[in-house]
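Structure record follows, encoded as structure tokens.
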Amino acid sequence: MKRFTLSKQERLSSRKEIEILFLEGQSLTKYPVRLVWREAICPTPGEAPLRMMFSVSKKKFPKAVDRNRAKRLMKEGYRLLKPEIISTIAGQKYFHLGLIYTGSELLDFVTIQKSISIALERWMQKLQQETR
RNA sequence: AUCUGUGAUGGAUCUAUCGCUCUCAAUUCAUUGAGGGAGGAAAGUCCGGACAGCGUAGAGUACCGCACCAUCUAACAGAUGGGCUUUGCUUUCAGCAGGGACAGACAGUGUCACAGAAACUAUACCGUCUCGCCGAAGGGUGGGAUAAGGGUGAAAACGUGCGGUAAGAGCGCACGCAUGGUCAGGGUAACCGGUCAUGGGAUAAACCUUGCGGGCUGAAAUGCCAUGUACACUCCAAUCUCGUCAGGCAUUCGUGCAUGAUAAGCCCGGCUGCUCGCCGGCGUGUACCAACAGUUGGAGGGGGUAGGCAGAUAGAGCUAUAGUAGCAAUGCUAUGGCCCAGAUAAAUGAUAGGUGUUCCUGAUUCAUUAGGAAUGACAGAAUCCGGCUUAUACAUCACAGAUGCAC
RNA sequence: GGUCCCGUAGUACAACGGAUAGUAUGAAGGUUUCCGGAACCUUAGAUUGGGGUUCGAUCCCCCACGGGACUA
């Protein structure tokens, strides 16, 4: 049975790991989101296969309420799509992911979810090309 | 009745599924069950505290803040009540509704553009009065007195009236205003009232003076923790090389053993920026002492990256009832009840459906029903409280204004 | 989280509490030229918003808004 969880173990929370992610990671953009990823070379035992972080620019959303709203919508969209991604990478590799909201105005949940799913699909295609 | 403005109050709710976070319980250690989970401003950071670190030997000065009085309060630049003053209205010896950074301008200094004679030691422009000279006269000219009138200005040397005078002038008197003194007066006090004296332009949100208050820094403060890696330092063992202060004791003359010092001055740091004064320094310095150092292994051990725990959520706590002090703000007492967010790249969300509310359309029995739409504003805890300020869809209430209708 | 500073024409800067807020550049129009440039002439254009002190505020004080710097 698929589980749509997104607990603390599946989020990226260490300042160091985040810095490395943005320093060394690759990225692609599908409006209004931008996806950053990096393969974790030496994962600690018991770590989740995908670890995620979410970010919204303070410049584009000066009010804290709007930033919270955008993050929550992205989290919800990712949470519902996650099990498919895990089944396709099949537990062989470990990845750190970052989702950044680059749009300048708040959209509704359905469009955000769609663009996240497109971004993730493109990412999977890229990975398959690299492995070949 | 509608609209607008101001103020106050509230700022929908229930169920299901999938999630997030905290607490408790259970255990197969990864899950299950139960319960809690944003605001009136959580915001701005404008004030005041609690709490913590540093300091604690203080004094003076500087700097900053406050400024009618009393009360409330943990405290405040907040609140309540009072005084004085000011604006508007009603139409008067007052009432109602607002506003007031509301100590001091005889302690001193500065500034007061333009206009005006003059902006504070009155250089008298037009005038008024008087004396001398000239002239027949109107008048002219020179000296003196005069701040009542004119004009200027934001402001003109206390105001108005009467007396007085050559003309005038607080020169005198009455009333009023301001300031200062005073009273066995009223009031806790500001202040009010009486009385005496003086008459002094404005400006302290110009410098300043007086009184009162303030040690500095803020939770990213501060205290603590265990593991791994590398390292300053200390001890022990092994190994290798180099070297052996002074006097004393012992001596197998190879050597072994114990002992030996830190003054003044200067510099730096701290106590509030400065001064005095004080404290500290494994700084310098002269002086003194004398044996180590490297490598390897073991033990101890300090600082510190990232991380974790405490600080940090039971309190100036919330709430109900009764009594009680006070005009009120606000306390006090008694008896119950409650535990009410604690995240840390930072939790409170998504979807679906109902109830309620508002709006639109239709129907009629005129306050009900059917269908559709919306459920919105300002806005997200970050150590915690008390205020202030600012933002706020919609609903309700109060007040004010405008328009329309009826009487 | 804390501390501090600034806001003037489109832009960069001035202005002791006192004329109609000034200078440069840019903008618009004109003169000159066959056309353009340069030059010359002319014009428009601003004190972040609100309140207070003052006879009078860009300047002094308070509140708000916007922008920036420092600290860790």
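So that the names make sense, note that chain A is the first sequence line, chain B the second, and so on, each numbered from 1. All of these numbers come straight from a predicted model, not from anything done at the bench.
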- Euclidean distance for C1', C:G26 against C:C13 (whole angstrom): 15 Å

- Task: Kindly compute the distance separating OH (A:Y78) from CG (A:L120), expressed to the nearest 0.5 Å.
- Result: 7.5 Å

- B:C340: syn or anti, with syn meaning chi within 90° of zero? syn

- Just label B:A16 as syn or anti from its O4'-C1'-N9-C4 or O4'-C1'-N1-C2 angle, using within 90° of 0 for syn. anti

- Anti versus syn assignment for B:G100, with syn defined as within 90° of 0: anti

- So A:W123 and A:W37, would you call those rings parallel, tilted or perpendicular, with 30° and 60° as cut-offs? tilted

- Check A:L107 against A:I112 and note the closest heavy-atom contact, atom names and distance. O-CD1, 3.7 Å

- Query: So, A:T102 versus A:R34: side-chain donor-acceptor pair below 3.5 Å or not?
  - Reply: no

- Message: With rounding to the nearest 0.5 angstrom, report the CZ to CZ distance, A:R72 to A:R67.
- Response: 12.0 Å

Grab the N/O contacts between the protein and nucleotides 42-46 of chain B below 3.5 Å, and write none if there aren't any.
none

- How many angstroms lie between atom CG of A:L35 and atom OG of A:S115, to the nearest 0.5 angstrom? 11.5 Å

- Item | Nearest-Å distance once atom P is located in both B:G215 and B:C271 | 15 Å

- Query: According to a 4.5 Å side-chain heavy-atom criterion applied to Ile, Leu, Val, Met, Phe, Trp and Tyr, with indirect links allowed, do A:F109 and A:M52 form part of one hydrophobic cluster?
  - Reply: yes

- Query: With rounding to whole Å, what would you report as the distance between B:G140 and B:C162 at their C1' atoms?
  - Reply: 40 Å

- Since syn is defined as within 90° of 0, does B:G40 count as syn or as anti? syn

- Hunt down the Watson-Crick or G-U wobble partner of B:G5, both distances under 3.5 Å, from any strand shown, or write none. B:C399

- Nucleotide forming a Watson-Crick or wobble pair with B:C309, both distances under 3.5 Å: B:G223

- Counting only Watson-Crick or G-U wobble pairs whose two distances fall under 3.5 Å, which nucleotide matches B:C338? B:G317

- Enter the distance from A:L81:CG to A:Q113:CD here, rounded to the nearest 0.5 Å. 5.5 Å

- Item | Minimal non-hydrogen separation, A:M74 against A:V56, with atom names | CE-CG2, 4.1 Å

- Measure the distance from CZ on A:R67 to P on B:A38 and round it to the nearest whole Å. 21 Å

- Considering only the P atoms, how many Å lie between B:G78 and B:G201, rounded to the nearest integer? 35 Å

- Item | Distance, P atom - from C:A9 to B:A377, rounded to whole angstrom | 35 Å

- Item | Verify same cluster id: A:M124, A:L80 (apolar side-chain graph, 4.5 Å) | yes

- Query: Is B:A174 syn or is it anti, if syn means the base angle is within 90 degrees of 0?
  - Reply: anti

- Across every strand shown, the nucleotide meeting Watson-Crick or G-U wobble geometry with B:A59 (both distances under 3.5 Å) is B:U275

Please tabulate the protein-to-nucleotide N/O contacts below 3.5 Å involving nucleotides 349-353 of chain B, giving atom names and distances.
unit_1: B:G349; atom_1: O3'; unit_2: A:R69; atom_2: NH1; d: 3.3
unit_1: B:G349; atom_1: N2; unit_2: A:E76; atom_2: OE1; d: 3.4
unit_1: B:G349; atom_1: N2; unit_2: A:E76; atom_2: OE2; d: 3.4
unit_1: B:G349; atom_1: N2; unit_2: A:R79; atom_2: NH2; d: 3.3
unit_1: B:A350; atom_1: OP1; unit_2: A:R69; atom_2: NH1; d: 2.1
unit_1: B:A350; atom_1: OP1; unit_2: A:R69; atom_2: NH2; d: 2.7

- Does B:G371 pair with anything, Watson-Crick or G-U wobble, both distances under 3.5 Å, and if so, with which nucleotide? B:C360

- Please figure out whether A:D66 or A:M52 has its closest RNA chain B nucleotide nearer the 5' end. A:M52

- In short, A:S27 meets A:K126 closest at the heavy-atom pair O-NZ, 4.5 Å

- Message: Give me the distance, rounded to whole Å, that separates B:A43 from B:U392 when you measure between the C1' atoms they each carry.
- Response: 12 Å

- Query: Does B:C212 have a Watson-Crick or wobble mate here (both distances under 3.5 Å), and if so which one?
  - Reply: B:G65

- Does one hydrophobic cluster hold both A:F54 and A:L28, with members joined at side-chain heavy-atom distances below 4.5 Å? yes

- Message: In whole Å, measure the gap between the C1' atoms of B:G247 and B:G280 for me.
- Response: 37 Å

- Item | 5′-ward residue of the pair A:S55/A:N68 relative to RNA chain B | A:S55

- Item | Cluster check A:Y101, A:I118: I/L/V/M/F/W/Y, side chain < 4.5 angstrom | no

- Task: Could you tell me which nucleotide pairs with B:C388 by Watson-Crick or G-U wobble geometry, both distances under 3.5 Å, or answer none if nothing does?
- Result: B:G44

- Item | Atom C1', compared across B:G100 and B:G181: separation rounded to whole Å | 30 Å

- Hunt down the Watson-Crick or G-U wobble partner of B:A50, both distances under 3.5 Å, from any strand shown, or write none. B:U383

- Figure out the NZ/P separation between A:K71 and B:U348, and round it to whole Å. 10 Å

- Note on the structure: The dot-bracket string of RNA chain C, counting Watson-Crick and G-U wobble pairs with both distances under 3.5 Å, using [ ] for crossing pairs and | for pairs to another strand, is (((((((..((((....[...)))).(((((.......)))))....(((((..]....)))))))))))).

- Query: What integer distance in Å separates A:K82:NZ from B:G19:C1'?
  - Reply: 10 Å

- Query: Are A:Q26 and A:R38 side-chain neighbours, meaning at least one heavy-atom pair lies under 4.5 Å?
  - Reply: no

